[in-house]
Amino acid sequence: MSLARRAAGKRLPWIIKYRPRTVDEVVNQEEAKRILSAWFAAWARGKPPSKRAALLYGPPGVGKTSLVEAYANQHGFEVIELNASDYRSAQAIRRVVGTAAFKKPLFGKGVVILLDEIDGIAPREDAGGLQELIRIIPQTLNPIVMTANDPWKDQLRPLRDLCLLVPFKPLSKTHIMAVLERICERERLYCEKQALRLIAELSQGDLRAAINDLQAIAEGYGRVTYDLARAILRGREKRVDIWRTLNMIFYAKAAWMAKKAVTQSEEDYETLIAWLNDNVPRKYAEPSDLHRAFDALSRATVFLFRAKYRTHWSLLSYVFDLIGPGVAFARREGAILKSKYSYPDRIKMMASLREVRRIRDQIAEKLAPRLGVSKATFKAEILPILFIIFRNSPSPIMAARLSLGYGLTREEVKFLAGPRADEILKLAEKIRRARKVEPQEQAAGASAEKKEKRRRRSRKKAPGTTLDEFFG
Ligand SMILES: Nc1ncnc2c1ncn2[C@@H]1O[C@H](COP(=O)(O)OP(=O)(O)OP(=O)(O)O)[C@@H](O)[C@H]1O
Ligand SMILES: [Mg+2]
């Protein structure tokens with residue numbers, strides 16, 4: 001191989017170099033492969049299926065175009081491909097698709113018409129082209145395959161009804177890692193598994209993005225380590241904050257925008273549902289809009305539960321749809337309200353629970369070693385007694401002495417005593433002052449040596465203080 005060719009080969013994007021050549025090489029899309037193969041098989045038997053067009057849909061970079069090309073490559077089909085810019089006019093469609101659709105296979109070599117990214121079709125400007133397609137599809141003699149990210153766009157409805165729908169899902173992290181690993185082997189590239197895991201994670205199921213990231217790091221640095229991947233891809237982790245996420249959902253103009261808002265949000269799905277639950281009534285006023293929005297959220301919760309606890313991760317796609325477009329397009333009757341978003345009650349409660357746990361752990365940390373018990377025993381057996389002493393005993397004196405003896409902070413006393421905290425703190429302060437005065441008075445007649453001994457004794461004693469001493 002000449003140097004020039006080798007250099008050119010190096011620069012070849014890996015997404016092209018390693019694109020699947022056979023259906024087997026398309027990974028993690030078993031359902032789509034099954035549906036599409038059966039459909040092509042009907043064509044091959046010379047009996048066009050009832051739906052003569054197929055619509056492959058799903059997020060970017062998951063193998064829609066690749067699967068059609070791999071199938072055609074493996075079965076020796078000729079692919080006649082059109083993309084968004086060709087959809088403009090009825091004429092262009094008639095010229096290319098119309099001709100191909102009625103072309104008789106020559107020497108048994110089939111033809112596949114591929115209309116890539118059909119959701120790029122504009123409802124008004126491309127109306128003529130769309131009409132032409134709708135006319136051609138029921139009569140075509142060759143399979144027509146279309147791809148789209150969002151098949152639910154309004155303008156696609158008439159097309160959708162004529163198509164076999166073939167869903168593609170985001171690829172799993174494991175499958176993405178496996179493909180990346182294979183590329184590393186073929187490129188004889190030093191790769192850390194942890195780096196591949198990070199690339200896969202950040203790609204969010206988009207293998208094209210993952211392969212491009214891998215190539216960018218490899219070509220820049222000659223190896224792919226975790227540290228390099230993290231440094232180079234850091235920007236990717238930047239996610240959308242909750243305020244922007246809410247705006248993107250409530251003011252979404254298209255379903256994909258609302259869905260993107262969900263998948264890009266820095267919040268987890270439970271938190272996002274909590275935010276929407278509390279903010280839907282601030283944005284929607286019409287009861288039927290509210291009903292649809294809450295219905296979407298409640299279904300999202302059910303799917304999320306099943307996705308997580310039965311590990312059916314494919315259900316997550318429904319969760320995104322319900323949280324995003326489900327809420328965004330629930331508003332059909334009323335206008336959107338101007339009110340500001342509010343912090344959800346449930347999140348406030350969870351935050352305060354976290355705070356409660358923090359203080360409780362802090363007290364356990366401080367007291368358990370002094371009482372000679374484990375933190376777990378302290379929390380299970382001693383803390384309830386302290387609560388009774390601090391909250392229910394007839395006099396605050398014991399609680400005040402305990403606070404003083406253990407050096408409890410204001411916050412800790414508040415946690416233990418609740419509404420009685422002020423009373424206990426005041427009394428503790430009084431006792432502290434009285435104690436300060438007392439040793440000074442005694443010390444007036446005592447020697448400095450005696451004072452020092454007493455100080456040491458009391459210091460030594462502190463760590464061994466037991467509850468009994470206070471009770472006694
Ligand atoms: N399931 C897959 N198996 C193997 N390779 C894949 C798969 N999905 C994507 N790739 C790799 O990513 C590249 C891009 O994939 P492809 O063009 O098929 O994505 P797409 O789903 O059509 O995306 P878009 O919606 O953006 O058109 C392919 O060339 C291939 O290298
Ligand atoms: Mg594509």
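In each ligand, atom 1 is the first atom listed, and ligand 1 is the first ligand listed. Count residues from 1 along the sequence.
Around the Mg ion (ligand 2), the protein contributes the following N, O or S atoms under 2.8 Å, ordered by chain and number: T65 OG1.
Less than 6.0 angstrom separates the ring centroid of F415 from the ring centroid of F387. In this structure, W152 has its ring center closer than 6.0 angstrom to the ring center of Y57.
Counting heavy atoms from C-beta on, the side chains of P167 and E31 come closer than 4.5 Å.
Put simply, part of V26 is less than 4.0 Å from ligand 1, judged by heavy atoms. Heavy atoms of V27 come nearer than 4.0 angstrom to ligand 1 in at least one pair. Using a 4.0 Å cutoff on heavy atoms, I211 counts as a contact of ligand 1.
Counting only non-hydrogen atoms, the option in A70, P60, A209, S66 that gets closest to atom 18 (O) of ligand 1 is S66.
D289 places a side-chain N or O within donor-acceptor distance of the main-chain N or O of E333, the cut-off being under 3.5 Å. Judged purely by atom type and a 3.5 angstrom limit, N279 uses its side chain to pair as donor or acceptor with the backbone of S342.
Each of D241, T271, T245 was evaluated against S265; a single residue qualifies, T245, per the side-chain hydrogen bond (donor to acceptor under 3.5 Å, both in side chains) test.
Every atom of ligand 1 is numbered from 1 in the order shown, and the set under 4.0 Å from a heavy atom of P20 is 4 (C), 5 (N), 30 (C). Close approach of ligand 1 to R208 (heavy-atom distance below 4.0 Å) involves ligand atoms 12 (O), 14 (C), 16 (P), 17 (O), 19 (O), 20 (P), 23 (O), 24 (P), 26 (O), 27 (O). For ligand 1, the atoms closer than 4.0 angstrom to any heavy atom of K64 are 18 (O), 20 (P), 21 (O), 22 (O), 23 (O), 24 (P), 25 (O).
Taking the charged nitrogens against the carboxylate oxygens, K259 and D150 have no contact shorter than 4.0 Å, which rules out a salt bridge. For R157 and D161, the salt-bridge test fails: no basic side-chain N is under 4.0 Å from an acidic carboxylate O.
Checking only distances, G61 does come within under 3.5 Å of ligand 1, N or O to N or O.
Note on ring orientation: taking the six-membered ring where Trp is involved, the planes of Y18 and W14 are perpendicular (angle over 60°, cut-offs 30° and 60°).
Under a cutoff of 6.0 Å and an axis angle of 45°, K283 and Y341 form a cation-pi pair.
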